[in-house]
Visitor: 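Here it is, the structure in full.
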Amino acid sequence: MVETKNTSPPSVPPAEVDEVELYHAKSFWTKYVFSQDAKVIAIQYSGVAIAIGLVALVLSSLIRLQLGFPEMFDFITPETYYQFVTMHGMIMVVYLLTALFLGGFGNYLIPLMIGARDMSFPYVNMLSFWIYFLAVLVLVGSFFVPGGPTGAGWTLYPPQAILSGTPGGKGLGIILMLVSLALFIVGFTMGGLNYVVTVLQGRTRGMTMMRLPLTVWGIFTATVLALLAFPALLVATVMMLFDRLLETSFFMPSLVEFGDQLSYGGGSPILFQHLFWFFGHPEVYIVALPAFGIVSDLISTHARKNIFGYRMMVWAIVGIGALSFIVWAHHMYVSGMHPYFGFFFATTTLIIAVPTALKVYNWILTLWNGNIHLNTPMLFSLGFIVTFLNGGLTGLFLGNVIVDIPLSDTMFVVAHFHMVMGVAPILVVFGAIYHWYPKISGRMLDERLGKIHFWVTFVGSYLIFFPMHYIGLVGVPRRYPELGDAAFIPDSVATLNSFISLAAFIVGIAQILFLYNLFWSLRKGRPSGPNPWRATTLEWQTPHTPPAHGNFGPELPLVYRWPYDYSVPGASEDFLAQNDPGPLDSESST
Amino acid sequence: MTNTGQVKVANSVNRAKGLPGLVEDWSSDQRAFKNVSWRKAMMWIFLLSDTFIFSIFLLSYMTSRMSTKVGWPNASEVFSLHIGHTNFPLLLIAIMTFVLISSSGTMVLAVNYGYRKDRKLTAIMLLVTALLGATFVGMQVFEWSKLISEGVRPWSNPMGAPQFGGIFFMITGFHGTHVSIGVIFLLVMAQKVWRGDYDTQKLGFFTSRKGDYECVEIMGLYWHFVDLVWVFIFAFFYLW
Ligand code: HEM
Ligand SMILES: [Cu+2]
């Protein structure tokens, strides 16, 4: 008989921490609204994030309306165009992806996957959601104030962000944006402390760090990054609020505006850029690392193979996380810096490619010779790998100073970051929803609709963003509502822009399929049973589906193995769950 | 959270000593930090995040100070007290620093008495700490009003670079907010200790969880952190 993983009777260390008394909700309000159950909070987070994400999607259609068919729509002026672009970018990055991956998936999956009854601090967790909700309300509110939301670009660079030439700059727009960001950070910190402490200190017996599913590793590391990166943004927002409201000059040099000398002087706009990108670059990995982790689990489960190089994968996640703090100035090559600094940041940027490439190789080696089930989660995962690879490769170009300088602020950059941090993580979000929906609702999502949704989204995204690389290479700048008749722009650009816009509308509309599927399957979907994918991780082994309050039955599960025992020889099924002691010695040796 | 304050390291598991032991502990099951309760871990991680906030504030201060066109005011003149006919540079700030550092001392005593389950003395020490903290904030208010009366504003400053006012008010204000929040928590905690909530295991009003005297220590962590930050602010604003 082939050797299985355990040869001696499994031993599990005794419990170190007594069971925590859970808070039991008594009324509808405390159960579903002001809930302290991480699973409910997760759904609240996801619901709000997706709702505000739809706003960002609509905004992207408005952007594309203007770019594809300039001068056709009177309601899109340059000012509103800037507002659309700004709010689209900010919502997508912060309020959708960060909130969904950490607040949504983090809350749902961390306690279940590590075998805990709930987050460590359920009350703080609840506050986290409500402050996030408040942040979203303030953000939405900025659409309705006189002057509208800020149009400063999602990077909010001063001095323009708080001057009258920028939409929302002298009105309430920029103030509400900054307040909303500060609230978001406060709310996030409360949640983030929970996720980190729960992973570090709240695991079940037998669940060592090196037996954590990669999903948890990704979310955990991303949360640590967020806890260390958001402070820079918080400081920047506070200082900018001071500049705007009290006329301090932290970021403001002396300026003449419409012939008037402003009272500002002596501040440094570059300082803001450093603060912003010290947050901004780790932010890229805050949305990428959870995606990395989730994809690892999805392909392992749906290819029925153990993940290739688990330890390497963990170290790559941690290494990428650490490196992401020393590359930020690659966003500032054109702001002017000492050539040695450019050299330093280009080098660190390229070094990050090493652990990243390693992960891509490991995913491919995991798939290699696997028993690949081409179901929706798998399709989305494959889509992610290809797209991320694509965006990563253009990233290598942009990481080099001399290549970046001509490409900076062109549509090439827009195409690049949409590939790596727009399309790629969104594909994972979809894949993850198709994968975990059965656990959350007890019913399967419809596969056929799911596949249509995948192909339209995947192919559509390439139709949108592939041509955009070319448009950028010929020199079309980003954040321009209209190109006019610049001599260097060939006619093909206008044609391509209309084409891209059509593709974008189709992709946008196709998301209705997904929403429909979500709601339809809630009632009519095929009942899934507790473990439809025959997966090994603990969330699939709960006594109830959807998991009840407290997640597991009277006893917390004991963990005997890592999460990737698929296609194990000698096992009665083709997988061994993490809490499965496994075939006993005597059986396997006969 | 019940009982998470108590430490139970499994004896049946043999753990290596030294560096390998550290690695083993970190990756071992259930808990990465074996002797640390959830809430203490949370406070440490929060303080790490808060350290980043203060460091970034101070770094922003340094860059601003180095890049202004107008000279920075001379600390020993700006922060001096006139008493009678003499000028005492840094007198006020020396007293403030002394008060805050002393409050760290009384905090330590509170933690100590807490672990001895001496309800009264713990509560008294917490109150004294809160009082010293409030005194600090009071003197800060005095210092602010003095500067304001001399014409220093967030947006301007008669003695030199306009950034001085903005940054000074922003950073000391941010720190003062930390102290004030600490004072509020100290008062609440003193009341709880006095009532004996930690002995009777009364459930928290908001969190519905039981507290114990470890909470005093965790409060102490925060308080010492706020003191430590003050040392840096003191060094960078008043001695530079
Ligand atoms: C249907 C999907 C999407 C479409 C069609 C789309 C389209 C666009 C376009 C055309 C621009 C640039 C406009 C300009 O520079 O003039 C833009 C900007 C941006 N998008 Fe998207 N986008 C989509 C999804 C996403 C997603 C998922 C993210 C999440 C990371 C994202 C993040 C951003 C950011 C950060 C900007 C930069 C905003 C700025 O320049 O201030 N987008 N989007
Ligand atoms: Cu970057």
Side-chain angles (χ1 to χ4, degrees), chain A residues 11-21 23 36 120-124 189 192-194 196-211 224 227-232 234-236 238-239 242-243 246-250 254 263-268 270-271 274-275 278 559, chain B residues 1-4 6-13 26-34 36-43 45-46 48-57 59-60 63-64 66-70 153-156 161-163 165-167 169-170 174 203-204 206-210:
Chain A
S11 78
V12 169
E16 291 172 15
V17 182
D18 288 340
E19 283 260 358
V20 172
E21 274 164 39
Y23 171 79
Q36 301 193 22
S120 303
F121 309 97
Y123 183 80
V124 182
T189 306
L193 291 171
N194 247 312
V196 172
V197 173
T198 309
V199 172
L200 282 178
Q201 303 292 88
R203 283 164 283 131
T204 187
R205 292 157 67 189
M207 180 61 91
T208 66
M209 291 297 272
M210 281 306 180
R211 281 178 181 171
V224 175
L227 287 176
L228 303 182
F230 275 124
L234 182 71
V235 171
V238 170
M239 288 170 67
F242 271 52
D243 277 1
L246 298 176
E247 306 208 346
T248 55
S249 303
F250 297 134
S254 341
S263 62
Y264 295 118
S268 161
I270 300 283
L271 173 61
H274 280 295
L275 296 182
F278 186 79
V559 170
Chain B
M1 65 236 69
T2 7
N3 289 326
T4 43
Q6 290 167 16
V7 178
K8 273 201 237 160
V9 179
N11 294 326
S12 59
V13 184
W26 263 71
S27 53
S28 74
D29 76 326
Q30 302 177 56
R31 289 191 286 178
F33 305 104
K34 285 299 173 195
V36 181
S37 67
W38 289 353
R39 48 196 171 196
K40 199 192 268 182
M42 185 200 216
M43 181 52 85
I45 297 166
F46 167 72
L48 181 65
S49 188
D50 215 13
T51 307
F52 268 61
I53 297 188
F54 276 109
S55 317
I56 292 165
F57 265 129
L59 280 169
S60 305
T63 19
S64 295
M66 288 187 302
S67 63
T68 51
K69 294 171 296 182
V70 195
R153 297 285 182 278
W155 52 91
S156 72
Q163 275 79 7
I167 292 215
F169 289 128
M170 182 174 69
F174 197 72
L203 299 185
F206 287 111
T207 58
S208 329
R209 282 195 169 178
K210 294 171 188 166

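Basis for what follows: all heavy atoms, side chains included, without hydrogens, waters or symmetry-related copies. None of the values given here were measured: they were computed from a predicted structure.
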Visitor: Please check this pair: side chain of A:Q201 against backbone of B:S37, looking for a donor-acceptor N/O pair closer than 3.5 Å.
Guide: no
Visitor: Check whether B:Q30 reaches the backbone of A:P14 with its side chain - one donor and one acceptor, N or O, closer than 3.5 Å.
Guide: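 Judged by distance alone, yes, a pair lies under 3.5 Å.
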Visitor: Closest approach of A:L246 and B:W155, non-hydrogen atoms and distance?
Guide: O-CE3, 3.0 Å
Visitor: Closest heavy-atom contact between A:P122 and B:R209?
Guide: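 Shortest heavy-atom separation between A:P122 and B:R209 comes out as CD-NH2, 3.2 Å.
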Visitor: Quick check on side chain to side chain contact (heavy atoms under 4.5 Å, CB included): which of A:L227, A:T189, A:V224 does B:I45 satisfy it with?
Guide: A:L227
Visitor: Chain B: which of A:R205, A:Q36, A:M210 shares the most heavy-atom pairs with it under 4.5 Å?
Guide: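 Option with the top pair count is A:R205.
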Visitor: Identify the heavy atoms of B:G166 and A:T248 that sit nearest to each other, and give their distance.
Guide: CA-CG2, 4.0 Å
Visitor: Got a second to check how far A:L193's CG is from B:W38's CH2, nearest 0.5 Å?
Guide: 14.5 Å
Visitor: Return the orientation label for the B:F206 and A:Y123 ring planes: parallel under 30°, perpendicular over 60°, tilted otherwise.
Guide: tilted
Visitor: Less than 4.5 Å to any heavy atom of chain B: does that hold for the side chain of A:I270, its backbone, both, or neither?
Guide: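 Neither part; nothing is under 4.5 Å.
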Visitor: Can any side-chain N or O of B:Q163 pair as donor or acceptor with the backbone N or O of A:G265 at less than 3.5 Å?
Guide: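 Indeed, once roles are kept as given, a pair shorter than 3.5 Å links the two residues.
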Visitor: Could you walk me through whether B:M170 and A:F250 satisfy the side chain to side chain contact (heavy atoms under 4.5 Å, CB included) test, starting with their C-alpha distance in whole Å, then the side-chain angles of each, then the deciding distance to 0.1 Å, before giving a yes or no?
Guide: CA-CA 11 Å; B:M170 182 174 69; A:F250 297 134; 3.8 Å; yes
Visitor: If you look at every heavy atom in B:F33 and A:L200, which pair is closest and at what distance?
Guide: CE1-CD1, 3.7 Å
Visitor: Do A:E16 side-chain atoms and B:K34 backbone N/O form a donor-acceptor pair below 3.5 Å?
Guide: no
Visitor: Does any backbone or side-chain atom of B:I167 lie under 4.5 Å from a heavy atom of chain A? Answer side chain, backbone, both or neither.
Guide: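 Both the backbone and the side chain of B:I167 come within 4.5 Å of chain A.
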Visitor: Which of the residues A:S268, A:G202, A:G192 is involved in the greatest number of heavy-atom pairs with chain B at under 4.5 angstrom?
Guide: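 Of the options given, most contacts go to A:G202.
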Visitor: So which of B:S55, B:S60, B:A41 has the biggest tally of heavy-atom pairs under 4.5 Å with chain A?
Guide: B:S60
Visitor: When rounded to the nearest 0.5 angstrom, what is the spacing between NE2 in A:H274 and CG in B:L59?
Guide: 11.5 Å
Visitor: Between B:P162 and A:S249, is there a side-chain heavy-atom distance shorter than 4.5 Å?
Guide: no
Visitor: Identify the two heavy atoms, one from A:L271 and one from B:S64, that lie closest to each other, and give their separation to 0.1 Å.
Guide: CD2-OG, 4.1 Å
Visitor: Would you check if A:V197 and B:R39 make a side-chain contact, meaning some heavy-atom pair closer than 4.5 Å?
Guide: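 The answer is no, as the side chains (C-beta and beyond) never meet within the 4.5 Å cut-off.
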Visitor: Assess the residue pair A:S120 and B:M42 against the criterion (side chain to side chain contact (heavy atoms under 4.5 Å, CB included)); give the C-alpha distance rounded to whole Å, side-chain angles, the decisive distance to 0.1 Å, and a yes or no.
Guide: CA-CA 9 Å; A:S120 303; B:M42 185 200 216; over 6 Å; no
Visitor: Taking all non-hydrogen atoms of both residues, which atom of A:P231 and which atom of B:I56 are closest, and how far apart?
Guide: C-CD1, 4.0 Å
Visitor: Suppose we screen for side chain to side chain donor-acceptor pair (under 3.5 Å). Which residues come up paired with A:S254, at least two apart in sequence or across chains?
Guide: B:K69
